[in-house]
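Numbers restart at 1 for each chain; the letters A, B, ... are given by sequence-line order, proteins then strands.
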There are 2 protein chains.
Amino acid sequence: ALAMPAIAQTAPTIKWRLTSGFPKSLDTIYGGAEVLAKRVKELTGGKFQIQVFAAGELVPGGPAALDAVQAGTVECCHTCSYYSFGKEPTFAIGSALPFGMDCRQANAWFYYGNGQKLMDEFFSNYGLQSFPGGNTGTQMGGWYRKELTSLDDIKGLKFRVAGIAGKVWAKLGAVPQQIPGGDIYPSLEKGTIDAAEWVGPYDDEKLGFYKVAKNYYYPGWWEPGLVIHFFVAKKEWDKLPAEYKAAFEAAAFEANVTMMAEYDHKNPAALSRLLSSGVKLRRFSNEIMQAAQKASQEVYAEESAKSPAFKKISEDYFKYAKVQNAWFSIAEASMAQFLHGAK
Amino acid sequence: ALAMPAIAQTAPTIKWRLTSGFPKSLDTIYGGAEVLAKRVKELTGGKFQIQVFAAGELVPGGPAALDAVQAGTVECCHTCSYYSFGKEPTFAIGSALPFGMDCRQANAWFYYGNGQKLMDEFFSNYGLQSFPGGNTGTQMGGWYRKELTSLDDIKGLKFRVAGIAGKVWAKLGAVPQQIPGGDIYPSLEKGTIDAAEWVGPYDDEKLGFYKVAKNYYYPGWWEPGLVIHFFVAKKEWDKLPAEYKAAFEAAAFEANVTMMAEYDHKNPAALSRLLSSGVKLRRFSNEIMQAAQKASQEVYAEESAKSPAFKKISEDYFKYAKVQNAWFSIAEASMAQFLHGAK
């Protein structure tokens, strides 16, 4: 009896399409959607099928993935809400805020703090329901043709960076450039731009920036722990049988924890390879970090003045972050400093 | 059609019993088993039922939970393998090693490094299959009636600590005491012991140690990221239909990521309350940390000489930890130090 299929013929067959905000070449972040689709299929005896499309196959990457779910082109997507920052600043909070929370802290806020509730209130205005479904960890700060020896070196810096991070960099004097992934390398090579940021060693290595801009800065203070979400059209979600909802939810938790682990597994070796090829690892100076934190707070005040949702949710977010940081400064930080003191 | 139950009458009803290594009063760590059982039930339309028993209900806590799975008393348990350290030192590696990996690093090792493969090779000798199913984060270092001003203060210290950590403390001159949870408070109050360690602020607060030993040390260098596992009797696992295996696996991922988030959510407020009640937060001195790390390496050499499995797996573990620490020292550590520099 135990060998018989658990899901019988009476269960409905449901086919969804998921568009990823990412190309297949970024296999770790793109792979989160494959993890979800595979697990959901297994959990439902093959009855709930989610077909995953890479960015560009059905719809482009960037904000288009979220737009496609809202428009009903696809039932769901796997992407970062901050790509839709231009539509409403609150979209940034779902993904990452400069000097905001890291991976574990963001999980705590979403799962046990007010994060899920507040963000879903906001996302419901767009007909969306959200599920945290991945994290990159603290990102690197990008590739710079020239060393940044002081704040003055940022004046006029043509830096490929988007969204709320771009607004902060602009306050420091940079000129943010929004350039699609494929065009970054030639722009950096030609010197059309001075610098570009992407994710971390494993993803950055593939794009080859190290060949044309040797200064690799850290930390990516504008993305201390980028959250990737699954977004589902609320009206499609509401039609699912309870077991299929449970399958999607459980698989999203799995994608969340495994993406972080996969990045943590892959990044160290990639960084070693980059360093062997002559990359110069450089830490942003305290002067730059402090100025950037101050500029971030100015941006938050400006966005809060324009958007009540941003004000409400970012205040909860940073109140939570402050409490988290106080706790993380004790056992976690002292252990980490002993084992791998920051370089 | 969409409202009909996804799991039909033909799916087998399977009832398992799970014994937790923990009492219900430690609701976060005990709760991991409830998270799993609830999700598995939902995913199988109520057909795969796992009844959770707290430590002491069916079998005692400590190593008894794992023994009960091996003996066939229950199909599975949720506990720390290091409780079985006395049987074979390799059991410690599944949970935590002094100066070993933190939560994220351990996840990377288990899910993408050799961790799962190596530990399951070892656990299979006991008829067990393992699934990471929770983490406490870096623990606190415990409660001390007197301040530790130097290594000399450790000589003769009667410290409630078990397993491989106890061996390390013994090398520093302490006298490890193995005392059941309920007996720790009166022993500490009477001065029968000088100090006791447990988990972190949220759990420690419940046991009331702060009333009788005011010095709260950190970090708990012997548990930088305690892994809690689900252990299943291999012969029961092999009988499960594929969908039920998938349900158990997915639910274990969920329990893993949510337990860490729940601890991160609850610990900060508990620490604040403890500090308000007059607790003195104290960091282990570098002298003590360095001596403890050296003592740990001596213990690893001794255990490796006795157990080929410990030698093989701990070498892989620390090789992986070294690479992880090199990577974590860059973006993660510099971001963390800026936001919450260790106190």
Compare all side-chain heavy atoms of [X] with those of [Y] and state whether any distance is below 4.5 angstrom.
| X | Y | value |
| --- | --- | --- |
| B:Glu243 | A:Glu42 | no |
| A:Glu223 | B:Met335 | no |
| A:Ser272 | B:Trp327 | no |
| A:Tyr111 | B:Glu262 | no |
| A:Gln105 | B:His340 | yes |

Among [options], single out the residue with the greatest number of heavy-atom pairs under 4.5 Å to chain B.
| options | value |
| --- | --- |
| A:Leu271, A:Val323, A:Asn267 | A:Asn267 |
| A:Phe284, A:Phe99, A:Phe253, A:Tyr112 | A:Tyr112 |
| A:Asp102, A:Thr258, A:Asn107, A:Leu281 | A:Thr258 |

(request) Enumerate the residue pairs fulfilling salt bridge (Lys or Arg N to Asp or Glu O under 4.0 Å) with a member in residues 327-339 of chain A, sequence neighbours excluded, ordered by first and then second residue. (result) A:Arg104-A:Glu332
(request) With sequence neighbours excluded, give me every salt bridge (Lys or Arg N to Asp or Glu O under 4.0 Å) pair touching residues 245-254 of chain B. (result) A:Arg39-B:Glu249, B:Arg39-B:Glu254
Rounded to the nearest 0.5 Å, what separation is found between the [atom1] atom of [X] and the [atom2] atom of [Y]?
| X | Y | atom1 | atom2 | value |
| --- | --- | --- | --- | --- |
| B:Ile330 | A:Tyr217 | CD1 | OH | 14.0 Å |
| B:Cys103 | A:Met260 | SG | CE | 10.5 Å |
| A:Trp109 | B:Asp264 | CH2 | CG | 15.5 Å |
| B:Ser334 | A:Trp221 | OG | CH2 | 13.0 Å |

What part of [X] gets within 4.5 angstrom of chain A, counting heavy atoms only: side chain, backbone, both, or neither?
| X | answer |
| --- | --- |
| B:Met289 | both |
| B:Ala250 | both |
| B:Tyr320 | side chain |
| B:Phe338 | side chain |

(request) Count the heavy-atom pairs under 4.5 Å between each of B:Pro201, B:Ala269, B:Ala251 and chain A, then report the option with the highest count. (result) B:Pro201
(request) Output the option from B:Pro224, B:Ala270, B:Ala321 having the highest count of non-hydrogen pairs under 4.5 Å with chain A. (result) B:Pro224
(message) Exactly one of B:Met101, B:Gln324, B:Gln293 should register a side-chain contact (heavy atoms from CB on, under 4.5 Å) with A:Leu339. Which one does?
(response) B:Gln293
